[in-house]
Amino acid sequence: VDLAPLHNPPALAAIRATQALLGPGIPQVAVFDTAFHQTLPERSFLYAIPYELYQRHRLRRYGFHGTSHRYLKSHYASLKGIAASRVNIITMHLGNGCSAAAIQEGKSIDTSMGLTPLEGLVMGSRSGDIDASVVKFLASKENLTVEAIDHLLNSSSGLLGVSGITNDMRDLQHDAGEGNHRAEVAIDMFCYRARKYLAAYLAVLEGKAEAVIFAGGIGENSATIRAGICKGMEWAGIKIDEAKNQALNGRDGSIGATDSRIDVMVIPTNEELMIARDTARCVAA
Ligand code: AMP
């Protein structure tokens, strides 16, 4: 509750309510969105702040969307007919919340979300990465409390904050098509920041990435955003086939050009299936 005050209390309330309703004899399984990222090495999960703060408060990067990134890894492995422990890929979960993960030999070794889901990519209403000094600046210039700034960064920023219109990518693309500058710049920032993480994770995986996977409402359905993210990445061996990209929405498949060294794929995520499988495994144990 201390680490995730917005998420864990309602989850606990649901567990208690279910227990009250069904009795203590019915097993309940909690599947944590942070679990898949527990393999992050210290160099990627620590913040470069005094180490004692990590020891005292468990203040570190946890990462989220782990259930989705784990599904994408296991589904990719089954599509390719290889063991999940041999998968080296970069997964991009782009929905209203967005995160990227670098997966090496089936394990998450870096991810863009941190202590909370705020860090990393530009999202629907979250700022993603930001200079921490912005908090002090806003507190003094706008006379805001820390809580109000936290709310601003989580709920009034990202695509919504930059565009001033909406956090919904479909509507933004429509408005950008009509020449709305702020919608255009919000989309441009979204793609640019995602591309920076993509390139960073190619380095993290030491050139061994074999595929980039797009998932989430935006990743699964927007050919324009996928193309915007991969734009100019040919130097790194990432090349989209534009016809395949346009044709593939909401289902599995490759959108990589035949001469792309690294494959580019769309895989609709399925967190519910992972949760069901985990639950079955825990209950059977
Ligand atoms: P999610 O949180 O995974 O449900 O994703 C929600 C986001 O996906 C919203 O920004 C939607 O606008 C976006 N989205 C869903 N369908 C499309 C589409 N066809 N084109 C662009 N964005 C889409």
Side-chain angles (χ1 to χ4, degrees), residues 2-4 7-8 30-77 80 82-94 97-123 126-132 193-216 219 229 233 236-238 262-263 265 267 269 271 274 278 281:
D2 193 35
L3 288 169
H7 293 84
N8 287 350
V31 178
F32 285 75
D33 233 12
T34 50
F36 182 53
H37 302 303
Q38 286 295 296
T39 45
L40 258 57
E42 253 187 335
R43 65 167 174 256
S44 58
F45 78 64
L46 284 176
Y47 287 114
I49 58 176
Y51 194 85
E52 298 73 34
L53 295 171
Y54 159 60
Q55 292 174 309
R56 211 178 301 148
H57 305 291
R58 291 168 293 167
L59 170 55
R60 48 160 285 183
R61 309 182 62 250
Y62 288 96
F64 298 86
H65 286 152
T67 316
S68 175
H69 292 293
R70 188 160 53 101
Y71 172 78
L72 298 174
K73 172 199 67 170
S74 78
H75 196 69
Y76 173 82
K80 295 285 169 186
I82 57 174
S85 58
R86 286 190 43 219
V87 168
N88 294 292
I89 54 172
I90 297 166
T91 46
M92 313 278 292
H93 178 108
L94 309 176
C98 300
S99 69
I103 300 176
Q104 183 180 61
E105 295 180 352
K107 295 191 173 109
S108 174
I109 58 164
D110 206 349
T111 192
S112 56
M113 285 175 165
L115 171 73
T116 75
L118 181 60
E119 193 178 335
L121 305 175
V122 173
M123 313 186 207
R126 297 189 188 112
S127 64
D129 293 337
I130 196 159
D131 182 341
R193 190 86 69 88
R195 194 186 317 139
K196 288 211 290 187
Y197 266 93
L198 177 54
Y201 288 173
L202 290 172
V204 163
L205 292 174
E206 300 173 351
K208 298 197 184 81
E210 57 210 54
V212 178
I213 315 286
F214 285 102
I229 294 171
M233 291 290 289
I238 295 175
I262 298 173
D263 200 3
M265 296 183 73
I267 298 182
T269 197
E271 291 153 299
M274 287 318 272
D278 286 349
R281 191 166 40 82

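Small disclaimer: the values here were computed from a predicted structure and weren't measured. Atoms considered below: every heavy atom in the structure, side chains included; atoms not considered: hydrogens, waters and symmetry mates. Along the sequence shown, residues carry numbers from 1.
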- [ ] Please lay out, stage by stage, how Met113 and Arg126 fare under the test side-chain contact (heavy atoms from CB on, under 4.5 Å).
- [x] CA-CA 11 Å; Met113 285 175 165; Arg126 297 189 188 112; 3.9 Å; yes
Open item on the list: How long is the straight-line distance from CZ of Phe64 back to CZ of Phe36, given to the nearest 0.5 Å?
Closed with: 15.0 Å
- [ ] Determine yes or no for a side-chain-to-main-chain donor-acceptor pair under 3.5 angstrom, with Thr34 supplying the side chain and Gly63 the backbone.
- [x] no
Open item on the list: Are Thr91 and Phe214 packed together at the side-chain level, in the sense that at least one heavy-atom pair is separated by less than 4.5 angstrom?
Closed with: no
Open item on the list: I need the Leu205 CG to Lys208 NZ distance, nearest 0.5 Å.
Closed with: 9.0 Å
Task: Residue pair Glu210, Ile89: steps toward the side-chain contact (heavy atoms from CB on, under 4.5 Å) verdict - done: CA-CA 6 Å; Glu210 57 210 54; Ile89 54 172; 4.1 Å; yes
Open item on the list: Looking at every non-hydrogen atom in both residues, tell me the closest pair between Glu119 and Gly114 and how far apart they are.
Closed with: OE1-CA, 3.2 Å
Open item on the list: Within the supplied structure, the quantity of interest is the number of heavy atoms (other residues, nucleotides, ligands) at a distance under 6.0 Å from Asp131 CG; does it exceed 12?
Closed with: yes
Open item on the list: Applying side-chain contact (heavy atoms from CB on, under 4.5 Å) to Tyr71 and Ile267, what does each step give before you reach the verdict?
Closed with: CA-CA 9 Å; Tyr71 172 78; Ile267 298 182; 4.1 Å; yes
TODO: Would you mind reporting whether Thr111 and Leu40 have side-chain heavy atoms less than 4.5 Å apart?
DONE: yes
Open item on the list: Tell me if the aromatic rings of His69 and His37 count as close, with their centers under 6.0 Å from one another.
Closed with: yes
Open item on the list: Regarding Glu105 and Lys107, does a basic nitrogen lie under 4.0 Å from an acidic carboxylate oxygen?
Closed with: no
- [ ] Side-chain contact test, heavy atoms from C-beta onward, threshold under 4.5 Å: evaluate it for Arg70 versus Asp278 and give yes or no.
- [x] yes
Open item on the list: A side-chain contact here means heavy atoms from C-beta on lying under 4.5 Å apart; do Ile109 and Ser44 qualify?
Closed with: no
Task: salt bridge (Lys or Arg N to Asp or Glu O under 4.0 Å) between Asp263 and Lys80, worked out - done: CA-CA 12 Å; Asp263 200 3; Lys80 295 285 169 186; 3.6 Å; yes
Open item on the list: Looking at Asp110 and Arg61, is there a salt bridge between them, counting it only when a charged N and a carboxylate O are closer than 4.0 Å?
Closed with: yes
Task: Side chain proximity check, Val212 to Leu198, heavy atoms < 4.5 angstrom - done: yes
Task: Donor-acceptor contact present, side-chain Ser99 to main-chain His93, <3.5 Å - done: no
Open item on the list: We want to know whether Tyr54 and Glu42 form a side-chain donor-acceptor pair, criterion being a heavy-atom distance below 3.5 angstrom.
Closed with: no
Task: Side chain to side chain, Ser127 and Leu118, heavy atoms closer than 4.5 Å - done: yes
Open item on the list: Rounded at 0.5 Å granularity, tell me how far CG in Leu72 sits from CE in Met274.
Closed with: 9.5 Å
- [ ] Might you point out which heavy atoms bring Arg193 and Asp129 nearest each other, and give the distance in Å?
- [x] NH1-N, 3.2 Å
Open item on the list: Any side-chain to backbone donor/acceptor pair from Tyr47 onto Leu115? Under 3.5 Å, distance only.
Closed with: yes
Open item on the list: Given 3.5 Å as the limit, does a donor-acceptor pair link the side chain of Arg195 with the main chain of Ile229, or not?
Closed with: yes
Open item on the list: Pairing donors with acceptors under 3.5 angstrom, does anything connect the side chains of Tyr201 and Gln104?
Closed with: no
Task: Minimum-distance pair of heavy atoms, taken over all atoms of Thr67 and Glu271 - done: CG2-O, 3.8 Å
Open item on the list: Please check: side-chain N/O of Asp33 versus main-chain N/O of His65, any donor-acceptor pairing under 3.5 Å?
Closed with: yes
TODO: Take Thr116 and Tyr62, measure what side-chain contact (heavy atoms from CB on, under 4.5 Å) needs, and give me the verdict at the end.
DONE: CA-CA 7 Å; Thr116 75; Tyr62 288 96; over 6 Å; no
Open item on the list: For Ala215, is there any backbone N or O sitting under 3.5 Å from a side-chain donor or acceptor partner on Thr269?
Closed with: no
- [ ] Mind listing the closest non-hydrogen atom pair of Ile262 and Ala209 along with its distance?
- [x] CG1-O, 3.6 Å
Task: Whether over 12 other heavy atoms sit under 6.0 Å from His57 NE2 - done: yes
